[in-house]
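Hydrogens, waters and symmetry mates play no part in the numbers below; they use all other heavy atoms, side chains included. Note that ligands are numbered from 1 as they come in the structure, with each ligand's atoms numbered from 1 the same way.
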Amino acid sequence: MAQTRTYVVLLGVPGAGKGTQAQLLQQATGLPQISTGDLFRYNLKHQTELGRLAKRYMDAGNLVPDQVTIQMVADRLEQPDCTRGALLDGFPRNLLQAAALERLVAPYGGVASAPLIQVEDEETIRRITGRRTCRLCGAVYHLTFNPPRSPARCDNDGGELYQRDDDHEETVRNRLFVYYKQTAPLIGYYFAKGLLHEIDGARSIEEVQQELLALVKQP
Ligand code: AP5
Ligand code: ZN
(Lines give C-alpha, C1' and ligand atoms only; values in the text may rest on other atoms or scores of the structure.)
(Ligands and ions follow the chains in the order given, each with its own letter.)
Protein backbone atom coordinates (compact mmCIF):
# COMPACT_ATOMS: atom_id res chain seq x y z
CA MET A 1 0.00 0.00 0.00
CA ALA A 2 1.12 3.57 -0.69
CA GLN A 3 1.96 5.88 2.23
CA THR A 4 -1.01 6.78 4.44
CA ARG A 5 -2.68 10.16 3.85
CA THR A 6 -5.12 12.11 5.99
CA TYR A 7 -8.50 12.51 4.34
CA VAL A 8 -11.09 14.28 6.49
CA VAL A 9 -14.75 14.41 5.40
CA LEU A 10 -16.55 17.43 6.88
CA LEU A 11 -20.26 16.74 7.27
CA GLY A 12 -23.08 19.12 8.20
CA VAL A 13 -26.16 20.88 6.88
CA PRO A 14 -25.72 23.83 4.50
CA GLY A 15 -24.47 26.73 6.60
CA ALA A 16 -23.21 24.57 9.47
CA GLY A 17 -19.75 26.07 9.08
CA LYS A 18 -17.93 23.45 6.99
CA GLY A 19 -16.23 26.00 4.73
CA THR A 20 -15.30 28.32 7.60
CA GLN A 21 -13.77 25.47 9.55
CA ALA A 22 -12.04 23.93 6.52
CA GLN A 23 -10.32 27.25 5.74
CA LEU A 24 -9.02 27.46 9.34
CA LEU A 25 -7.97 23.80 9.35
CA GLN A 26 -6.11 24.33 6.09
CA GLN A 27 -4.13 27.18 7.68
CA ALA A 28 -3.41 25.09 10.80
CA THR A 29 -2.51 21.76 9.18
CA GLY A 30 -1.41 22.58 5.63
CA LEU A 31 -3.90 20.05 4.27
CA PRO A 32 -5.78 21.55 1.30
CA GLN A 33 -9.49 22.35 1.53
CA ILE A 34 -11.38 20.76 -1.34
CA SER A 35 -14.82 22.34 -1.56
CA THR A 36 -16.94 21.00 -4.42
CA GLY A 37 -19.20 24.06 -4.12
CA ASP A 38 -16.16 26.35 -4.54
CA LEU A 39 -14.89 24.29 -7.49
CA PHE A 40 -18.26 24.63 -9.23
CA ARG A 41 -18.36 28.38 -8.47
CA TYR A 42 -14.83 28.74 -9.89
CA ASN A 43 -15.96 27.01 -13.08
CA LEU A 44 -19.03 29.21 -13.23
CA LYS A 45 -16.94 32.37 -12.88
CA HIS A 46 -14.67 31.21 -15.71
CA GLN A 47 -17.67 30.22 -17.82
CA THR A 48 -16.54 26.65 -18.45
CA GLU A 49 -18.93 23.99 -19.72
CA LEU A 50 -18.86 22.38 -16.26
CA GLY A 51 -19.74 25.72 -14.67
CA ARG A 52 -22.73 26.20 -17.00
CA LEU A 53 -23.96 22.68 -16.29
CA ALA A 54 -23.54 23.06 -12.50
CA LYS A 55 -25.37 26.41 -12.42
CA ARG A 56 -28.66 24.81 -13.48
CA TYR A 57 -28.60 22.58 -10.40
CA MET A 58 -27.02 25.00 -7.93
CA ASP A 59 -29.52 27.78 -8.60
CA ALA A 60 -32.33 25.41 -7.61
CA GLY A 61 -30.40 24.02 -4.64
CA ASN A 62 -30.21 20.53 -6.14
CA LEU A 63 -27.17 18.27 -6.43
CA VAL A 64 -25.03 18.40 -9.57
CA PRO A 65 -24.99 14.93 -11.24
CA ASP A 66 -22.68 12.42 -9.55
CA GLN A 67 -20.63 11.49 -12.59
CA VAL A 68 -19.27 15.00 -13.21
CA THR A 69 -18.86 15.72 -9.49
CA ILE A 70 -16.90 12.53 -8.81
CA GLN A 71 -14.65 13.08 -11.83
CA MET A 72 -13.95 16.66 -10.72
CA VAL A 73 -12.93 15.45 -7.23
CA ALA A 74 -10.83 12.58 -8.63
CA ASP A 75 -8.89 15.09 -10.77
CA ARG A 76 -8.48 17.48 -7.83
CA LEU A 77 -7.14 14.74 -5.52
CA GLU A 78 -4.39 14.01 -8.03
CA GLN A 79 -2.96 17.53 -7.76
CA PRO A 80 0.47 17.81 -6.10
CA ASP A 81 -0.85 19.66 -3.02
CA CYS A 82 -2.86 16.56 -2.05
CA THR A 83 0.06 14.22 -1.35
CA ARG A 84 -0.55 14.39 2.44
CA GLY A 85 -4.32 14.15 2.15
CA ALA A 86 -7.17 16.67 2.00
CA LEU A 87 -10.06 18.30 3.85
CA LEU A 88 -13.21 17.43 1.93
CA ASP A 89 -15.88 20.12 2.29
CA GLY A 90 -19.22 19.33 0.61
CA PHE A 91 -18.17 15.94 -0.80
CA PRO A 92 -19.41 13.24 -0.58
CA ARG A 93 -23.05 14.32 -0.69
CA ASN A 94 -24.77 10.95 -1.08
CA LEU A 95 -23.96 7.24 -0.68
CA LEU A 96 -22.85 6.81 -4.28
CA GLN A 97 -20.29 9.63 -3.91
CA ALA A 98 -19.14 8.13 -0.60
CA ALA A 99 -18.48 4.77 -2.27
CA ALA A 100 -16.56 6.54 -5.05
CA LEU A 101 -14.45 8.42 -2.51
CA GLU A 102 -13.72 5.19 -0.69
CA ARG A 103 -12.33 3.69 -3.90
CA LEU A 104 -10.23 6.80 -4.60
CA VAL A 105 -8.60 6.94 -1.16
CA ALA A 106 -8.36 3.22 -0.38
CA PRO A 107 -4.71 2.98 -1.53
CA TYR A 108 -3.76 5.64 1.05
CA GLY A 109 -5.46 4.21 4.15
CA GLY A 110 -9.02 5.42 3.47
CA VAL A 111 -10.95 8.24 5.16
CA ALA A 112 -9.36 9.16 8.53
CA SER A 113 -12.40 10.79 10.14
CA ALA A 114 -15.81 12.29 9.38
CA PRO A 115 -16.66 15.13 11.77
CA LEU A 116 -20.34 16.14 11.72
CA ILE A 117 -20.88 19.81 12.59
CA GLN A 118 -24.35 19.92 14.16
CA VAL A 119 -26.52 23.05 13.98
CA GLU A 120 -30.31 23.59 14.11
CA ASP A 121 -32.05 24.46 10.81
CA GLU A 122 -33.17 27.93 11.94
CA GLU A 123 -29.62 28.81 12.96
CA THR A 124 -28.24 27.69 9.58
CA ILE A 125 -30.77 29.91 7.81
CA ARG A 126 -29.57 32.87 9.94
CA ARG A 127 -25.98 31.98 9.13
CA ILE A 128 -26.54 31.57 5.40
CA THR A 129 -28.64 34.67 4.85
CA GLY A 130 -25.97 36.81 6.60
CA ARG A 131 -23.02 35.19 4.83
CA ARG A 132 -20.75 37.23 2.57
CA THR A 133 -17.88 35.76 0.54
CA CYS A 134 -14.78 37.45 -0.92
CA ARG A 135 -14.66 37.53 -4.72
CA LEU A 136 -10.87 37.38 -4.69
CA CYS A 137 -9.81 34.84 -2.06
CA GLY A 138 -13.08 33.09 -1.12
CA ALA A 139 -12.85 34.04 2.58
CA VAL A 140 -16.21 33.64 4.33
CA TYR A 141 -17.72 36.29 6.65
CA HIS A 142 -21.01 36.84 8.43
CA LEU A 143 -22.51 40.31 8.77
CA THR A 144 -23.18 39.74 12.50
CA PHE A 145 -21.27 36.64 13.67
CA ASN A 146 -17.96 37.19 11.86
CA PRO A 147 -18.02 40.69 10.35
CA PRO A 148 -15.23 42.09 8.16
CA ARG A 149 -13.31 45.08 9.59
CA SER A 150 -14.68 47.40 6.92
CA PRO A 151 -18.13 46.77 5.45
CA ALA A 152 -18.27 44.95 2.09
CA ARG A 153 -14.45 44.49 1.86
CA CYS A 154 -12.32 41.42 2.65
CA ASP A 155 -9.84 41.75 5.55
CA ASN A 156 -7.18 39.77 3.64
CA ASP A 157 -7.10 41.59 0.32
CA GLY A 158 -9.82 44.27 0.18
CA GLY A 159 -11.77 42.12 -2.30
CA GLU A 160 -15.47 42.82 -2.77
CA LEU A 161 -17.79 40.73 -0.58
CA TYR A 162 -20.83 39.25 -2.32
CA GLN A 163 -23.88 37.17 -1.46
CA ARG A 164 -24.07 33.78 -3.19
CA ASP A 165 -26.89 33.32 -5.74
CA ASP A 166 -28.14 30.22 -3.87
CA ASP A 167 -28.22 31.94 -0.47
CA HIS A 168 -31.81 33.17 -0.64
CA GLU A 169 -34.25 31.68 1.82
CA GLU A 170 -36.33 29.64 -0.64
CA THR A 171 -33.26 27.99 -2.21
CA VAL A 172 -31.76 27.42 1.24
CA ARG A 173 -34.91 25.54 2.31
CA ASN A 174 -34.59 23.26 -0.75
CA ARG A 175 -30.87 22.73 0.02
CA LEU A 176 -31.88 21.61 3.53
CA PHE A 177 -34.52 19.28 2.05
CA VAL A 178 -31.94 17.78 -0.34
CA TYR A 179 -29.51 17.43 2.58
CA TYR A 180 -31.95 15.42 4.72
CA LYS A 181 -32.99 13.22 1.80
CA GLN A 182 -29.65 12.53 0.15
CA THR A 183 -26.78 13.55 2.41
CA ALA A 184 -28.00 12.62 5.91
CA PRO A 185 -27.65 8.86 5.19
CA LEU A 186 -23.88 9.47 5.25
CA ILE A 187 -24.14 9.92 9.02
CA GLY A 188 -25.07 6.26 9.44
CA TYR A 189 -22.55 5.23 6.81
CA TYR A 190 -19.58 6.82 8.61
CA PHE A 191 -20.93 5.87 12.05
CA ALA A 192 -20.92 2.21 11.00
CA LYS A 193 -17.27 2.57 10.01
CA GLY A 194 -16.37 4.11 13.39
CA LEU A 195 -15.33 7.39 11.69
CA LEU A 196 -18.16 9.74 12.72
CA HIS A 197 -17.44 12.46 15.31
CA GLU A 198 -20.36 14.63 16.36
CA ILE A 199 -19.39 18.22 17.07
CA ASP A 200 -21.64 20.87 18.60
CA GLY A 201 -21.59 23.54 15.88
CA ALA A 202 -23.74 26.01 17.82
CA ARG A 203 -20.64 27.29 19.67
CA SER A 204 -18.24 29.99 18.51
CA ILE A 205 -16.08 29.51 15.40
CA GLU A 206 -12.98 29.30 17.67
CA GLU A 207 -14.44 26.63 19.97
CA VAL A 208 -15.53 24.46 17.05
CA GLN A 209 -12.08 24.91 15.50
CA GLN A 210 -10.28 23.75 18.66
CA GLU A 211 -12.28 20.54 18.77
CA LEU A 212 -11.78 19.84 15.07
CA LEU A 213 -8.08 20.54 15.24
CA ALA A 214 -7.62 18.10 18.12
CA LEU A 215 -9.43 15.48 16.06
CA VAL A 216 -7.49 16.03 12.84
CA LYS A 217 -4.13 16.09 14.60
CA GLN A 218 -4.77 12.79 16.38
CA PRO A 219 -2.18 10.22 15.36
P1 AP5 B 1 -21.78 24.17 -1.13
O2 AP5 B 1 -21.01 25.34 -1.56
O3 AP5 B 1 -21.06 22.97 -0.63
O4 AP5 B 1 -22.83 24.66 -0.05
P5 AP5 B 1 -23.41 23.95 1.25
O6 AP5 B 1 -23.10 22.55 1.54
O7 AP5 B 1 -24.86 24.25 1.13
O8 AP5 B 1 -22.66 24.58 2.38
P9 AP5 B 1 -22.42 26.07 2.57
O10 AP5 B 1 -21.23 26.51 1.80
O11 AP5 B 1 -23.71 26.81 2.34
O12 AP5 B 1 -22.20 26.13 4.14
P13 AP5 B 1 -20.96 25.80 5.06
O14 AP5 B 1 -21.32 24.64 5.94
O15 AP5 B 1 -19.70 25.71 4.29
O16 AP5 B 1 -21.00 27.10 5.98
P17 AP5 B 1 -20.00 28.37 6.07
O18 AP5 B 1 -18.72 27.97 6.67
O19 AP5 B 1 -19.98 29.11 4.78
O20 AP5 B 1 -22.73 23.68 -2.29
C21 AP5 B 1 -23.48 24.57 -3.09
C22 AP5 B 1 -24.16 23.81 -4.23
O23 AP5 B 1 -23.15 23.19 -5.07
C24 AP5 B 1 -25.06 22.65 -3.81
O25 AP5 B 1 -26.36 23.09 -3.49
C26 AP5 B 1 -25.02 21.76 -5.07
O27 AP5 B 1 -25.84 22.29 -6.07
C28 AP5 B 1 -23.57 21.91 -5.52
N29 AP5 B 1 -22.70 20.88 -4.95
C30 AP5 B 1 -21.66 21.09 -4.07
N31 AP5 B 1 -21.07 19.93 -3.75
C32 AP5 B 1 -21.74 18.96 -4.42
C33 AP5 B 1 -21.62 17.54 -4.48
N34 AP5 B 1 -20.68 16.88 -3.78
N35 AP5 B 1 -22.47 16.85 -5.28
C36 AP5 B 1 -23.41 17.49 -6.02
N37 AP5 B 1 -23.60 18.83 -5.98
C38 AP5 B 1 -22.77 19.56 -5.19
O39 AP5 B 1 -20.79 29.23 7.20
C40 AP5 B 1 -22.07 29.81 6.92
C41 AP5 B 1 -22.14 31.21 7.59
O42 AP5 B 1 -22.13 31.06 9.01
C43 AP5 B 1 -20.94 32.13 7.26
O44 AP5 B 1 -21.41 33.44 7.14
C45 AP5 B 1 -20.02 32.01 8.51
O46 AP5 B 1 -19.29 33.20 8.74
C47 AP5 B 1 -21.04 31.75 9.62
N48 AP5 B 1 -20.52 30.86 10.67
C49 AP5 B 1 -19.76 29.74 10.51
N50 AP5 B 1 -19.51 29.14 11.71
C51 AP5 B 1 -20.15 29.92 12.64
C52 AP5 B 1 -20.27 29.84 14.08
N53 AP5 B 1 -19.70 28.83 14.78
N54 AP5 B 1 -20.98 30.80 14.71
C55 AP5 B 1 -21.57 31.81 14.01
N56 AP5 B 1 -21.49 31.94 12.65
C57 AP5 B 1 -20.78 31.01 11.98
ZN1 ZN C 1 -10.35 38.12 0.15
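For the residue pair Tyr57 and Asp166, no side-chain donor N or O sits within less than 3.5 Å of a side-chain acceptor on the partner. A side-chain N or O of Gln71 and one of Asp75 form a donor-acceptor pair less than 3.5 Å apart. Side-chain contact of Glu102 with Tyr7: a donor-acceptor pair under 3.5 Å is absent, judged by distance alone. A donor-acceptor contact under 3.5 angstrom links the side chains of Gln118 and Glu198, judged on distance only.
The single protein non-hydrogen atom nearest to atom 9 (P) of ligand 1 is Arg131 NH1, 3.3 Å, given as residue, atom name and distance. Closest to atom 35 (N) of ligand 1, if we only count protein heavy atoms, is Gln97 NE2, 3.0 Å. Met58 CE, 3.8 Å is the protein heavy atom nearest to atom 22 (C) of ligand 1. Annotation: atom 38 (C) of ligand 1 to nearest protein heavy atom, Phe40 CE1, 3.7 Å. Looking from atom 2 (O) of ligand 1 to the surrounding protein, the closest heavy atom is Arg41 NH2, 2.9 Å. Nearest non-hydrogen protein atom to atom 10 (O) of ligand 1 is Arg164 NH1, 2.9 Å. Looking at atom 53 (N) of ligand 1, its nearest protein heavy atom turns out to be Arg203 O, 2.9 Å. Of the protein's non-hydrogen atoms, Arg175 NH2, 2.7 Å is the one closest to atom 7 (O) of ligand 1.
Here the side chains of Thr129 and His142 are not in contact, with every heavy-atom distance at 4.5 Å or above.
Counting heavy atoms under 4.0 Å from ligand 1, residue Asp166 touches it through the side chain alone.
The side chain to side chain contact (heavy atoms under 4.5 Å, CB included) test with Pro92 singles out one residue from Val73, Leu101, Thr69, and that residue is Leu101. Partner Val119 forms a side chain to side chain contact (heavy atoms under 4.5 Å, CB included) with one of Asp200, Ile199, Thr124 and no other, that one being Thr124.
Nearest-residue assignment for atom 36 (C) of ligand 1 (options Thr20, Val64, Leu24; heavy-atom criterion): Val64. Comparing heavy-atom distances from atom 51 (C) of ligand 1 across Val208, Ile205, Asn174 singles out Ile205 as nearest. Counting heavy atoms only, Tyr141 comes closest to atom 44 (O) of ligand 1 of the residues Tyr57, Phe91, Tyr141. Of the listed residues (Glu206, Gln182, Arg93), the one carrying the non-hydrogen atom nearest atom 1 (P) of ligand 1 is Arg93. With distances taken over non-hydrogen atoms, the option nearest atom 57 (C) of ligand 1 out of Lys18, Arg126, Arg127, His142 is Arg127.
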For this session: Kindly determine whether Arg76 and Asp81 satisfy salt bridge (charged side-chain N to carboxylate O under 4.0 Å, His left out), including the steps that lead there.
Result: CA-CA 9 Å; Arg76 181 65 187 86; Asp81 61 335; 2.7 Å; yes
For this session: Go through the steps for Leu31 and Gln26 under the test side-chain contact (heavy atoms from CB on, under 4.5 Å), then give the verdict.
Result: CA-CA 5 Å; Leu31 292 170; Gln26 172 172 290; over 6 Å; no
Problem set entry | Worked check of side-chain contact (heavy atoms from CB on, under 4.5 Å) between Asn156 and Cys134 | CA-CA 9 Å; Asn156 301 335; Cys134 173; over 6 Å; no
For this session: Would you please test Leu11 and Ile117 for side-chain contact (heavy atoms from CB on, under 4.5 Å) and show each step?
Result: CA-CA 6 Å; Leu11 296 172; Ile117 305 177; over 6 Å; no
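A donor-acceptor contact shorter than 3.5 Å links the side chain of Arg84 to the backbone of Thr29. When atom types are taken as modelled, the side chain of Thr183 and the backbone of Arg93 share a donor-acceptor pair closer than 3.5 angstrom.
The Thr69 neighbourhood of ligand 1 comprises atoms 33 (C), 34 (N), 35 (N), 36 (C), with distances under 4.0 Å to a heavy atom of that residue. For ligand 1 and Asn62, the ligand atoms under 4.0 Å from any heavy atom of the residue are 26 (C), 27 (O). Near Gly15, meaning under 4.0 Å from any of its heavy atoms, are these atoms of ligand 1: 8 (O), 9 (P), 11 (O), 12 (O), 13 (P), 14 (O), 16 (O), 40 (C).
Backbone and side-chain nitrogen or oxygen atoms of Phe145 are examined, and none is located within less than 3.5 angstrom of a nitrogen or oxygen of ligand 1. Of the polar atoms of Gly61, none of the N or O atoms is found under 3.5 Å from an N or O of ligand 1, judged by distance alone. Residue-to-ligand polar distances keep Glu123 apart from ligand 1: every N/O pair is separated by 3.5 Å or more. On a distance-only criterion, Gly19 and ligand 1 share at least one N/O pair closer than 3.5 Å. For a threshold of 3.5 Å applied to N or O pairs, the pair formed by Ile128 and ligand 1 contains no separation below that value.
Remark: Arg164 does not engage Asp59 in a salt bridge, criterion side-chain N to carboxylate O under 4.0 Å. A salt bridge links Glu123 with Arg127; the closest basic N to acidic carboxylate O contact falls under 4.0 Å.
A cation-pi contact, defined as under 6.0 Å to the ring centre and within 45° of the axis, is absent between Lys181 and Phe177. In this structure, Arg132 forms no cation-pi arrangement with Tyr141, as its terminal cationic atom is not both closer than 6.0 Å to the ring centre and no more than 45° off the ring axis.
With waters left out, the protein N, O or S atoms under 2.8 Å from the Zn ion (ligand 2) add up to 5.
Residue contacts with ligand 1 include Ser204, since one of its heavy atoms falls under 4.0 Å from the ligand.
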